[in-house]
Amino acid sequence: MSSHNPTPAGGPLVEGPHDPEHDPRASYGLEPEYVAALTDRLTATSGRTVQVESPLSGGPLANIPQSSDDDVKEAFARARRAQAAWARTSLEERSEVLLRLHDLVLERQDEIIDLICWESGKARKHAFDEPLHIALTARYYARTAHQHLDTQRRIGVVPALTRVEVNRVPKGVVGIISPWNYPFTMALCDGLPALLAGNAVVAKPDAQTMLSALLGARLLDEAGFPRDLWQVVAGPGRELGGPIIQRSDYICFTGSTATGRLIAAQCAERLIGCSLELGGKNPILVLRDADLEKAAEGAVRASFSNAGQLCVSMERMFVADQVYDRFVERFVARTEAMTLGATLEWGNDMGTLISQDQLDTVVAHVDDAVAKGARVLTGGRARPDLGPYFYEPTILEGVSPDMTCFGNETFGPVISLYRFHDEADAIARANEGEYGLNASIYSQDGARARAIARLIKCGTVNINEAFGATFASIDSPMGGMRESGMGRRQGSEGIHRYTESQSVGTQRLIRFSPMLGMSNETYAKVMTVQLKLMKKLGRA
Ligand code: NAD
């Protein structure tokens with residue numbers, strides 16, 4: 001594929017096959033032919049391109065052709081034609097394609113991970129989570145297709161004489177707007193159940209990470225999905241969002257709460273459904289009976305996976321007074337032992353933030369907290385020696401409500417520690433604020449932790465794990481309560497959102513009006529007797 005195999009490990013990338021200053025398709029890291037083969041998958045004829053850079057070095061990576069309003073229109077026209085034929089295929093056929101995608105993603109994982117690292121700058125081990133999640137999602141939906149989509153018998157009003165069944169009808173064309181933080185899986189994972197249910201997709205991935213999303217589209221083609229079934233358009237969300245929502249039959253959005261609100265309002269205007277996977281300020285609770293080594297290991301992953309740029313990562317940690325000092329010592333030691341680096345190698349425990357914007361936010365949150373009296377237990381510094389947007393994993397103590405990072409999502413490698421004395425207080429503080437995405441509880445008493453989980457206002461709660469126990473269990477719905485979202489991905493909820501349920505009732509022998517010369521009054525009496533009888537018989 002690309003020329004990046006001899007990647008300079010540990011150092012900035014300064015050379016490449018072409019000079020981007022003079023060749024608009026050239027990049028320091030990727031072969032222009034490779035980039036062109038990916039961008040060929042776009043519907044983008046405006047003639048405009050936007051250069052994206054790699055956060056590994058800050059150097060240019062590729063020029064991405066941009067889509068116009070006409071391109072969005074054309075993408076929907078193609079998708080609609082493809083969907084009409086696709087909806088007539090069998091579930092077996094669709095499931096087979098998903099299972100081929102599963103194999104393909106695992107076989108091509110090196111290529112996928114390389115591209116994710118080039119575009120996002122994350123550590124290789126965090127990039128691996130993306131093909132892993134797509135393989136899990138593809139296999140899960142392929143293997144459970146009939147369970148979710150088969151026509152189901154329901155209870156008819158008159159036993160034996162009213163037959164009712166419910167069909168799952170595809171919505172049509174689903175618009176998917178996705179963020180940059182997990183650029184491969186966020187662009188693809190929500191689309192797989194949409195396709196399985198018989199829909200087409202028009203995808204608008206984030207502008208910073210188009211290539212990973214386009215590689216996903218190529219892999220869908222190679223697995224055997226009809227090419228026109230999955231359209232990709234490129235451009236700023238605020239420009240393309242409206243034209244996409246105007247033409248979609250359903251919107252699946254993942255991104256910030258602020259953008260989610262705008263999208264929900266536009267969907268409401270058109271009376272189309274939407275699912276919104278939004279931000280969080282996720283709490284982790286370390287109870288006094290927690291295994292402290294396990295909790296410290298989990299806390300590192302919970303806080304610093306993908307440099308904290310993960311919707312389900314933790315930014316607030318509540319630790320029982322009785323174990324606070326012992327836990328913090330272990331957590332700080334493990335954090336300080338992390339290997340940091342902006343390279344494609346496996347050895348890094350954390351990579352860089354993706355952009356100057358992200359770095360600015362993290363610096364602003366930490367500097368504000370420190371200026372107002374918070375203590376930095378470790379980290380707290382940018383690391384330009386490692387990469388232009390690098391920031392150290394940071395643990396804060398003494399964070400108070402007047403500090404920006406107390407309740408606002410940082411979306412970076414910064415966690416605030418708080419002591420608690422009793423569990424009711426910890427639960428109340430974990431539930432503070434308007435978000436409700438993910439929580440984690442460390443305790444050796446599983447039953448007690450599960451009881452506490454029911455009191456936490458979050459869509460997912462992981463016990464003795466950061467986020468993987470729920471996120472990787474594709475049968476379990478994933479999404480946010482309160483301002484962290486609406487609707488769910490994964491599980492039956494994650495596929496039923498892309499279908500309309502259609503009830504078909506067939507009536508035999510009797511009708512729902514007086515028969516055999518019966519008066520309306522007698523009919524009402526007969527029906528009343530029947531209702532009472534049905535209740536006695538225990539019928540729903
Ligand atoms: P963002 O809302 O700025 O952008 C997300 C996507 O929306 C991008 O594709 C962007 O181009 C598009 N967009 C921006 N403005 C738009 C508009 N007006 N109309 C239509 N589309 C528009 O979010 P971000 O900062 O890129 O992503 C980080 C956020 O995403 C964080 O808050 C994070 O918690 C959240 N997130 C949530 C989940 C989840 O599953 N709940 C997963 C990943 C990220």
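Start at 1 and go down the list; that is how both ligands and their atoms are numbered. Values below: all heavy atoms of this structure, side chains included; hydrogens, waters and symmetry mates excluded.
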Checklist entry - In terms of the angle between their ring planes, are H148 and Y140 parallel, tilted or perpendicular, with boundaries placed at 30° and 60°? => result tilted
Item to check | Side-chain ion pair, R168 and E500, N-O less than 4.0 Å | outcome: no
Item to check | Electrostatic pair K122-E130, nearest N-O below 4.0 angstrom | outcome: yes
Checklist entry - For M486, which residues count as a side chain to side chain contact (heavy atoms under 4.5 Å, CB included) partner, sequence neighbours excluded? => result C274, L276
Next on the checklist: Give the residues near ligand 1 by chain and number, with the criterion being a heavy-atom distance under 4.0 Å.
Outcome noted: I177, S178, P179, W180, N181, M186, K204, P205, D206, G237, R238, G241, F253, T254, G255, S256, T259, L262, I263, E277, L278, G279, C311, E409, F411, L437, M478, R489
Item to check | S400 and D402: side chain donor to acceptor below 3.5 Å | outcome: yes
Item to check | CA sep, side-chain torsions, deciding dist, call: T404, H365, side chain to side chain donor-acceptor pair (under 3.5 Å) | outcome: CA-CA 6 Å; T404 311; H365 280 207; 5.5 Å; no
